[in-house]
Amino acid sequence: MTPHDQLLELSRNLWWSWNPDALTLFTRLNRNAFEASLNNPIVALKFAKQDTLEDPYVIEQIDSVYRKFRRYMEEPGGEEDGPRVSYFCMEYGLHESMPLYSGGLGILAGDHVKAASDVGLPFTAVGLFIREGYFRQYFDADGVQHDDYPAIDVTNHPVELVTDSEGKAVVVTVHSGEEPIRIRAFRMLVGKSTLYLLDTDFAENPYWIRFLTRRLYQGDRVTRLQQEVILGIGGVRMLRALGIETDVWHMNEGHCAFLSLELLRESLHAGRSFDDACAHVRSRCVFTTHTPVPAGHDRFNPGNFNWIMKTFRGELGLDEHTLLGMGRVDVNDPGEEFTMTVLGLKLSRAANGVSKLNGEVARRQWHHLYSDRPVEDVPIGHITNGIHLPTWASPASRTFLRTNLGSWTNDREKQTTWDRIDDVPDQAIWEYRRKLRKNLIDFVNRKIAQQTLPQTSLLNPRALTIGFARRFATYKRAPLLFNDIERVANLFSKYERSIQVIYAGKAHPADEGGKEFIRTIYELSKRSEFKGRLIFLENYNMEIGRMLVSGCDVWLNNPRRPYEASGTSGQKIALHGGLNLSILDGWWPEGYDGTNGWAIGEDASHEIKDPHIQDTEDAEFLYQVLENDVMPLFNKRGPDGLPSEWIQMIRSSIRSLTYRFSAHRMILDYAHQMYREPVEETV
Ligand SMILES: *Cc1c(COP(=O)(O)O)cnc(C)c1O
């Protein structure tokens with residue numbers, strides 16, 4: 001194999017996205033091309049400089065990375081004998097160069113696919129080929145967000161059209177009403193896992209159909225319904241056409257739940273009675289719900305549903321009433337909409353929320369579907385989300401961890417590795433923090449020089465740096481810190497040289513409230529009290545996320561309880577020695593132990609209060625923690641100039657949070673609790 005062939009193979013497996021050695025190699029081929037393409041190896045290889053490719057040192061590096069890749073692919077991960085899983089999700093966040101995601105759900109799904117590969121689970125993922133997925137964010141002079149949709153060019157990405165033995169695209173068909181929708185697929189390799197991306201954007205479809213798979217969570221209800229038909233029904237048909245066998249079907253959030261109806265159709269065609277067929281499907285499906293936010297649960301009005309599902313209903317051989325009933329809590333209520341989550345719950349053998357608290361909330365939320373039993377017996381458990389550590393660990397943190405904790409990736413990220421942080425001296429931990437903070441500030445200064453939203457940086461590499469980056473959904477309350485502007489201005493003036501805050505995030509293009517939040521923060525950033533020390537970083541994506549979670553000292557998370565099902569960005573900061581400052585929502589009630597970060601307010605109350613009252617109360621709690629705990633502790637230095645109590649909290653955070661909230665722990669929980677359940681045989 002020539003070095004070029006090795007590079008070609010490396011560039012076509014997303015393994016590179018969590019292996020910095022590989023990324024460094026591609027950077028070396030052509031740094032400008034690599035960076036201009038959002039760190040895309042295929043583009044870097046296309047524009048590789050010839051003399052670099054001939055450099056003996058580079059050739060040796062290529063060979064070494066390539067051998068590492070082959071070892072990974074061949075080495076058993078321990079779960080090879082597990083059931084064959086087909087995992088469906090609307091979005092996947094695998095790398096910033098592949099904008100197939102819009103937020104936390106996608107990032108989580110991407111991490112899930114990578115972790116499945118690490119442990120060797122036989123794993124196939126299915127999604128949509130969202131060519132205009134994650135929009136680019138830019139601003140006008142008034143600080144109003146605008147969106148722009150650079151399209152994925154298949155020749156520049158690690159995707160390959162799926163073809164048959166004659167080289168022709170494999171095409172399956174579903175229907176919208178009576179109109180056929182033809183679907184082809186692109187294959188993407190993610191370590192040992194395979195992701196199939198379904199696509200309608202080709203000449204055999206009329207124009208309106210070609211557009212269906214282009215964008216995520218946009219367009220009207222009918223478009224959404226059609227997308228979900230493509231994903232769920234089309235996805236199963238595609239896997240069948242490819243001969244991929246499945247023991248467990250995992251519906252990750254309701255968008256893909258139509259897959260269960262296609263399995264039902266197969267089962268009915270095999271001659272089963274309706275009840276037997278439902279039981280058969282149920283015995284093979286599991287379902288995960290990711291949000292208590294009502295808008296996160298797709299509901300379709302019966303008129304649209306009957307229209308779009310007309311042909312499929314004929315194939316099922318069911319009447320309208322029965323089919324609609326599969327997505328209704330009260331099957332006899334003709335006014336009730338068809339809810340994807342209800343379908344997913346009805347046709348799965350097991351269901352889970354994504355944190356302990358979210359499990360409880362989901363049991364209450366869906367209790368009416370199981371009104372014959374007490375709320376604690378609602379069959380929805382929980383598996384708390386976790387992050388794929390190799391994806392989120394910054395290069396500097398890898399060096400630190402390797403030097404101080406040993407080989408954490410080879411130890412498969414086990415808990416004992418992280419316990420060793422207790423033996424690392426204060427000095428080393430503080431230097432680690434300073435380095436990461438400095439890297440972040442350099443990065444921010446470079447980025448804001450290029451952005452459309454004018455920002456001034458007076459960021460200080462020694463100041464306590466607070467980060468807030470996530471989707472600007474209104475329940476996440478981005479501007480909560482500024483609820484009482486005078487109060488926070490006083491804090492900034494008291495700690496003049498030692499507090500700064502960095503925000504980043506996109507609002508959904510139709511979410512005026514979220515856009516207004518960004519504008520508010522932008523306006524505040526121009527005020528003299530905050531200027532240069534309150535920064536809005538434009539165009540949040542996985543790269544910006546990686547930088548922020550590594551460099552920030554404190555990660556602020558203040559959603560309106562209990563709407564944050566899990567949240568994962570705070571999990572990414574623990575291994576970098578950042579500390580969480582968070583409402584006790586999502587994963588944090590499980591993570592927080594009083595020594596490893598801070599809670600804003602009281603333990604997750606289930607009571608939903610008037611939003612205005614809750615905001616005022618939570619802001620007050622936030623100010624108290626900042627004034628009484630966070631700021632004094634950061635500034636309390638010993639004779640050696642080090643904040644030893646703060647450093648002790650860092651140790652506690654790294655030790656108690658990193659492994660427990662890793663995707664490695666998460667995938668094993670799924671493998672053992674959800675996937676491996678014995679399949680009941682039905683006749
Ligand atoms: C981690 C991450 C998220 C999820 O963050 P939450 O805290 O769960 O909202 C969203 N977007 C990006 C780019 C991320 O890296």
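All values derive from a computational prediction rather than experimental measurement. One-based numbering, in listed order, for ligands and for the atoms of each.
- Under the 4.0 Å criterion applied to side-chain N and carboxylate O atoms, Arg215 and Glu132 are assigned as salt-bridge partners.
- No side-chain donor-acceptor contact under 3.5 Å links Ser193 to the backbone of Lys114.
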Are there any N/O pairs under 3.5 Å between ligand 1 and the protein, and if so, what are their distances?
| unit_1 | atom_1 | unit_2 | atom_2 | d |
| --- | --- | --- | --- | --- |
| ligand 1 | 7 (O) | Ser569 | N | 3.3 |
| ligand 1 | 7 (O) | Ser569 | OG | 2.5 |
| ligand 1 | 8 (O) | Thr568 | N | 2.9 |
| ligand 1 | 9 (O) | Lys476 | NZ | 2.6 |
| ligand 1 | 15 (O) | Lys572 | NZ | 2.6 |

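- Considering only residues two or more places apart in sequence or on other chains, Trp588 meets the ring pair (Phe, Tyr, Trp, His ring centres under 6.0 Å) condition with Tyr592.
- For the salt bridge (charged side-chain N to carboxylate O under 4.0 Å, His left out) test, residues two or more places apart in sequence or in another chain that qualify with Arg31 are Glu35.
- Residues passing the ring pair (Phe, Tyr, Trp, His ring centres under 6.0 Å) test with Tyr196, sequence neighbours excluded: none.
- Between Phe468 and Tyr503, the ring planes lie tilted relative to each other; the angle falls in the 30° to 60° range.
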